[in-house]
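So the structure is just underneath, and the comments pick up after that.
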Amino acid sequence: MTFFGVPTQALFGQLLIGLINGAFYALLSLGLSVIFGLLNIINFAHGAQYMMGAFVAYFLLQWAGLGYWWALLVAPLVVGLIGVVLERTMLKRLYALDHLYGLLLTFGLALVIQGLFRNQFGSSGLPYQIPPELTGGRNLGFMVLPNYRAWVVVFSLATCLGTWYVIERTKLGAYLRAATENPSLVQAFGVNVPRMITLTYGFGVALAALAGVLAAPIYQVNPLMGADLIIVVFAVVVIGGMGSILGSIVTGFTLGIVEGLTKVFYPEASNTVIFVIMALVLLVRPTGLFGREK
Amino acid sequence: MKLPRLVTLVAAALAVAAAPAHAQISDGVVKIGILNDQSGTYADLAGPGSVVAAKMAVEDFGAAKKGLKVEIVVADHQNKPDVGSSIARQWFDADKVDVIVDVPTSSVVLAVNQIAREKNKALIVSTGATSDLTGPQCSPNAIHWTYDTWSLANGTGSAVVKTGGDTWFFLTADYKFGHDLERDTEAVVVKNGGKVVGKVRHPFPSADFSSFLLQAQASKAKVIGLANAGADTTNAIKQGAEFGIVKGGQQFAGLLVFLTDVHALGLEKAQGLLLTESFYWDLNDTTRAFSKRFADRHRQAKPTMAQAGVYSAVLHYLKAVEALKNDDGPKVIAKMKELPTDDPIFGKGMVRADGRKIHPVYLFEVKKPAESKGPWDYYKVRATVPAEQAFRPMDQGNCPLVKK
């Protein structure tokens with residue numbers, strides 16, 4: 001059986017691959033959305049923070065002998081802490097100003113961080129092995145599904161849904177959302193708003209680092225890994241609607257699939273298809289698919 | 001009054017024209033421009049390491065002692081032909097650069113090749129691969145130094161077909177270099193009785209190859225030919241292991257693999273890979289001595305063939321300038337073709353009329369982790385292709401400089 005000249009069996013495989021790549025898009029754009037939604041900062045350092053997550057995993061293994069599972073826990077904490085310092089020392093001065101200032105600051109930071117890592121570790125990347133528990137794969141008949149990739153999908157889906165639940169359905173999330181609507185009123189109720197915002201930024205950054213740890217065994221641990229990805233992820237956020245948590249999750253997975261299918265039917269366009277969709281969506285719905293007018 | 005004045009003018013003009021006959025090094029400095037990728041996918045295999053190699057060549061040549069003033073400038077072309085072109089124009093027009101050296105990324109090579117010819121300057125390519133540079137696009141202003149797509153195809157392609165890998169699927173970087181490497185390899189595969197069952201062209205650069213690997217897997221080809229380079233190649237091989245490509249009985253042929261790529265992959269993933277290079281640090285005493293000096297100045301990394309090629313090229317360029325007492329582009333290139341080459345990198349060799357530098361090329365196999373004595377001990381020699389057979393015969397390249 002074929003579908004537009006492509007065997008359906010192969011098509012299933014490509015759909016699954018798309019879902020796996022979508023998991024990364026979703027996890028990264030989720031962090032961006034949380035930060036933008038609650039802090040109004042366009043965090044261009046997100047790619048660099050994702051890269052730092054992968055590097056921390058590498059350092060842990062090389063210097064401390066701590067493997068993948070520890071990295072999954074420690075790397076987001078370390079990088080999140082760096083994010084907190086960043087927010088306290090620099091970003092907090094920018095909330096009252098135009099978006100552009102936050103964008104410029106984080107973009108500059110990203111260039112500096114990437115430059116430092118590149119200078120130290122070169123551009124061809126460092127090897128990081130898949131944890132022994134997750135090596136190998138399952139033969140699904142239409143394709144071999146590597147165990148590690150299956151784990152990535154399940155884990156990032158769980159993280160995404162967990163985050164969505166906390167922000168949209170719990171009391172803590174309600175405080176957060178209220179603080180963005182009217183910080184002075186929430187402060188009047190005795191909530192420490194600046195600290196909450198700092199921790200939110202730290203959490204968003206930790207999500208990026210988590211994605212970095214997940215990516216380390218698949219790609220090389222490379223100073224440029226974030227720079228290549230961040231542009232696509234921004235397109236995902238724009239399509240989903242800036243600041244929409246659910247939007248970024250759904251769009252992340254969907255666009256992963258769209259990109260996967262493009263790689264079958266017209267591989268030359270696979271790097272551009274997301275931007276074409278972004279242009280179309282912006283023409284029809286300037287606030288994105290899930291965005292609301294403010 | 002008019003006539004004597006004219007005579008004076010003509011005399012003055014002649015004097016000006018004659019003056020540089022004593023010192024024809026333009027503005028007193030030989031200016032070498034290293035144009036490559038300083039920050040992206042190809043930065044490790046050439047990049048800052050090529051600059052180190054060029055500086056070593058200037059020092060080893062003893063330029064200062066010989067009274068020759070040599071200056072090296074560096075720029076990052078970001079693997080983009082438009083960026084590379086504007087740097088080349090700026091260098092030739094305003095900055096008085098005499099020769100551009102290195103230049104990875106074939107699309108940039110061909111753009112800069114045009115400019116060098118137009119401005120009557122010199123170009124020596126080490127990292128760029130397209131065999132068109134000594135074919136239809138050959139120029140009296142350019143030399144192709146280290147390797148090319150034809151020599152890679154000839155080395156790895158024929159070796160793989162001869163050991164039974166007779167059906168191929170190409171994973172090709174979608175730009176000039178990938179297309180040329182695919183074309184040259186396909187010709188070798190077909191000539192040796194093999195068959196190409198499919199190909200897919202991926203955007204350059206790509207991080208995720210799973211989709212393309214799945215297509216390669218479905219093709220049931222015995223060999224997956226990687227017509228790409230740098231991080232594209234390492235990512236494809238690394239992810240191929242995840243999808244059980246090698247376990248499923250298929251084999252990768254890395255058509256352009258540099259030492260730094262093997263270093264990045266680790267021997268666990270790279271072992272058994274066949275690859276073609278014209279230089280390896282551990283070939284003999286002179287290559288080892290050179291590589292040690294290089295590593296001491298470059299993060300303890302051994303040189304790739306691209307970087308070693310830059311050293312060899314700059315050294316020979318300076319020899320030609322010294323012999324000629326002139327740094328005029330095409331004249332130096334002609335002199336370089338006339339003088340035999342000899343250096344610690346490639347040994348004795350020569351430059352052909354079509355601009356192809358000739359030396360032996362090696363087929364290497366990547367060692368198993370147990371065979372390696374430590375970092376950078378990665379290759380064993382499987383075969384040596386003698387200089388005369390390593391590159392495309394001159395009469396098959398369609399180079400207009402070669403009379404048939």
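Order of the sequence lines sets the chain letters (A, B, ...), proteins ahead of strands, with each chain counted from 1. Not measured: the values here are computed from a predicted model.
- For A:Pro217, the part lying under 4.5 angstrom from a heavy atom of chain B is the backbone only.
- Each of B:Ala218, B:Gly244, B:Gly47, B:Ala207 has some count of heavy-atom pairs under 4.5 Å with chain A, and the biggest count is that of B:Ala207.
- For the atom pair OG of A:Ser123 and CD of B:Gln38, the computed distance is 10.0 Å after rounding to the nearest 0.5 Å.
- In this structure, the side chains of B:Ser39 and A:Arg118 come closer than 4.5 Å at one or more pairs of heavy atoms.
- Atom CH2 of A:Trp151 has more than 12 heavy atoms from other residues, nucleotides or ligands within 6.0 Å.
- If you tally non-hydrogen atom pairs under 4.5 Å between each of B:Gly40, B:Gly49, B:Ala264, B:Gly266 and chain A, the highest count goes to B:Ala264.
- Other residues, nucleotides and ligands contribute only 12 or fewer heavy atoms inside 6.0 Å of the CZ atom of A:Arg138.
- Using a 4.5 Å cut-off between heavy atoms, A:Ile130 touches chain B through its side chain atoms alone.
- For CZ of A:Phe275, the number of neighbouring non-hydrogen atoms (other residues, nucleotides, ligands) closer than 6.0 Å is greater than 12.
- Heavy atoms closer than 4.5 Å to chain A are found in the backbone of B:Pro205, but not in its side chain.
- Listed options B:Glu268, B:Lys238, B:His263 were ranked by heavy-atom pairs under 4.5 angstrom with chain A; first place goes to B:Lys238.
- Heavy-atom pairs under 4.5 Å with chain A peak, among B:Phe258, B:Phe212, B:Phe243, B:Tyr42, at B:Phe243.
- Between B:Asp208 and A:Arg149, at least one side-chain N (NZ, or NE/NH1/NH2) sits under 4.0 Å from a carboxylate O, which counts as a salt bridge.
- Residue with the most contacts toward chain B among A:Leu229, A:Leu126, A:Asn21, A:Val221: A:Asn21 (heavy-atom pairs, distance under 4.5 Å).
- For the atom pair A:Asn271 CG and B:Phe204 CZ, the distance stands at 11.0 Å (nearest 0.5 Å).
- To the nearest 0.5 Å, atoms CD (B:Glu242) and CD1 (A:Ile218) are separated by 5.0 Å.
- Here A:Lys263 contributes atom NZ and B:Gln215 contributes atom CD; the two are 9.5 Å apart, rounded to the nearest 0.5 Å.
- Here the closest non-hydrogen pair linking A:Glu268 and B:Pro203 is O-CG, 4.2 Å.
- Only the side chain of B:Thr234 comes within contact range of chain A, judged by heavy atoms closer than 4.5 Å.
- Listed by sequence position, A:Gly13, A:Gln14, A:Ile17 are the residues of residues 13-20 of chain A in contact with chain B, using a 4.5 angstrom heavy-atom cutoff.
- Between the CE atom of A:Met143 and the CG atom of B:Leu214 there is a distance of 5.0 Å, given to the nearest 0.5 Å.
- Surrounding CZ of A:Phe59 are more than 12 heavy atoms belonging to other residues, nucleotides or ligands, all under 6.0 Å away.
- Here the OH-CD distance, from A:Tyr219 to B:Gln239, works out to 6.0 Å after rounding to the nearest 0.5 Å.
- Looking only at side-chain heavy atoms (C-beta outward), B:Lys269 and A:Gln129 come within less than 4.5 Å of each other.
- Contacts of A:Asn119 with chain B are made by backbone atoms alone, with heavy-atom separations under 4.5 Å and no side-chain atom involved.
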